[in-house]
2 protein chains.
Amino acid sequence: MLRNLAEHPGARNLDDDCAVIEFGRESLVLTHDMMTEGVHYLAGQDPADIAWKLVSVNMSDLAAKGAEPVGVLLGYMLVEDNTRFVVGLDEALTFYKVPLLGGDTVSGKGPQTLGLTAIGRATHRPVPSRAGAKAGDILYVTGSVGAAMMGMEALQSGDGDSLAYRRPDALLQQGQVLAPHVTAIMDISDGLLLDASRLAQASKLTMAIDSASVPIAAPEDRRDDAMRWGDDYQLLFTAPAGEAPPIPATQIGQALKPLKAPLLLDGKPVDAHAKLGYQH
Amino acid sequence: MLRNLAEHPGARNLDDDCAVIEFGRESLVLTHDMMTEGVHYLAGQDPADIAWKLVSVNMSDLAAKGAEPVGVLLGYMLVEDNTRFVVGLDEALTFYKVPLLGGDTVSGKGPQTLGLTAIGRATHRPVPSRAGAKAGDILYVTGSVGAAMMGMEALQSGDGDSLAYRRPDALLQQGQVLAPHVTAIMDISDGLLLDASRLAQASKLTMAIDSASVPIAAPEDRRDDAMRWGDDYQLLFTAPAGEAPPIPATQIGQALKPLKAPLLLDGKPVDAHAKLGYQH
């Protein structure tokens, strides 16, 4: 997040993952995510998976705006052998049907740093944001959380299926279908609880989550971890009570009038300063 | 440049500094430049100057398209003290009247890597590129070259004026005025000779440069260095013979039908494989 860099007058919209600007009678949706070796991916991971993830995290930001991707710009720090990165990039761009429009490469020493800018076109206006939830709205999540956590542990141990961690899917189609129906929406990149807390704060209310209702892709004794782990790229959204979402999603809580805490878990306030997820 | 990463079918336009796409009945101009400590700036340089340069190099790419800036997205690797960077960023964004729309920050070890995406709106269509020069066109350059070289040497020696190196100006207004009048245009970021050679290759012809006519902001015995050094961010463009450019610019050469070499300097072929400028 750029909030700590954003004290000058020109800054705007910096609480959101995406910028939305009006451009030529359309809404342009822009996002830029960086990844650094050792922070966002493990040293020694297959560069094809790193490329896939770099594209997916940006596509997921577009998904949360109901935007269709128009293109990407890559900022790439060259390493000795770039072959596998190109393979994974190609696979991801083909999967998401998005062209590489340009970018830059640099030589560099030290851990590799990558950046990707994704450009999208909003399919629904007004473009939904984190800030529109109203008290009484129902909170939903697509799919389940915890798969990436289990996948990372599998990758580290060398035992089990690591695909969900290595190759997350951004839910572009789901975001486009949801956009006209939601009051607020975001993708879960940093953990369900942390991101739900952000949605509550952006919407200036309190979100009450029932932990038992959260679908997890992990053993039951890992439920708490699964709700605090990131990298699943599911969509978290609110919609008015009584209006069923147009795609499969699970009701996990409800928006309340603002209380002292932005987030209640099973009725108890969650300390906003506690580590809720992966803050980077 | 991304050419070495761009073998997959989705890639396009990667020979240019900018991508131009049609969006909502307008032409959207996009560019992304990276800078790495020790490669693009000196370790220990004032971060305010680094921020200024990061913004300026991207604004210069927009200038060469005759585009007006709409916003920027920043990819920033946090360091211990980010204060001076924010100061310089603020100064640059205020100078170019462009808002910070968003971006990302990462923590990281090792040399700092920065990225900036600039988004612009073309003021003239078709948007000019490097590829439109015709045999017989005159080659022009704005201002002079070599000031950044002298500035960098002043910064390194601690003696003399380093402003041209530390705080380059992108020629946004000049680019917008030139766009309807040029057959090809680019900014000089990597050295006059290297960039002129690229313009010639993109336009599929040979460019003949008269070295004595090149305005230099350096002692006469540094003329050759000044033509090979980058970071001046002047505009290099071609226009039909007999049509005076609408802004001050110096005639430095002429486009010829394609010969074996893309570039002739004082009538002699220049080896395209020789180090002509700052290739990064």
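A, B, ... follow the sequence lines: proteins, then strands. Residue 1 opens every chain.
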Query raised in the report: Charged N to carboxylate O below 4.0 Å: is that the case for A:Lys65 and A:Asp17?
Result: no
Query raised in the report: Nearest heavy-atom pair of A:Leu101 and A:Gly71: which atoms, and what distance?
Result: CD1-CA, 3.7 Å
Query - A:Leu28, part contacting chain B, at a heavy-atom distance under 4.5 Å - result: both
Query raised in the report: Parallel, tilted or perpendicular: which fits the ring planes of B:Trp52 and B:Tyr96, with parallel below 30° and perpendicular above 60°?
Result: tilted
Query raised in the report: Non-hydrogen atoms of chain B under 4.5 Å away: do they reach the side chain of A:Thr113, the backbone, both or neither?
Result: both
Query raised in the report: Step by step, would you call A:Asp231 with A:Met152 a side-chain contact (heavy atoms from CB on, under 4.5 Å)?
Result: CA-CA 10 Å; A:Asp231 281 344; A:Met152 183 180 166; 5.8 Å; no
**Report entry** Part of A:Thr83 lying under 4.5 Å from any heavy atom of chain B
**Finding:** neither
Query - Best-contacting candidate, A:Met35, A:Lys97, A:Arg121, against chain B by heavy atom pairs under 4.5 angstrom - result: A:Arg121
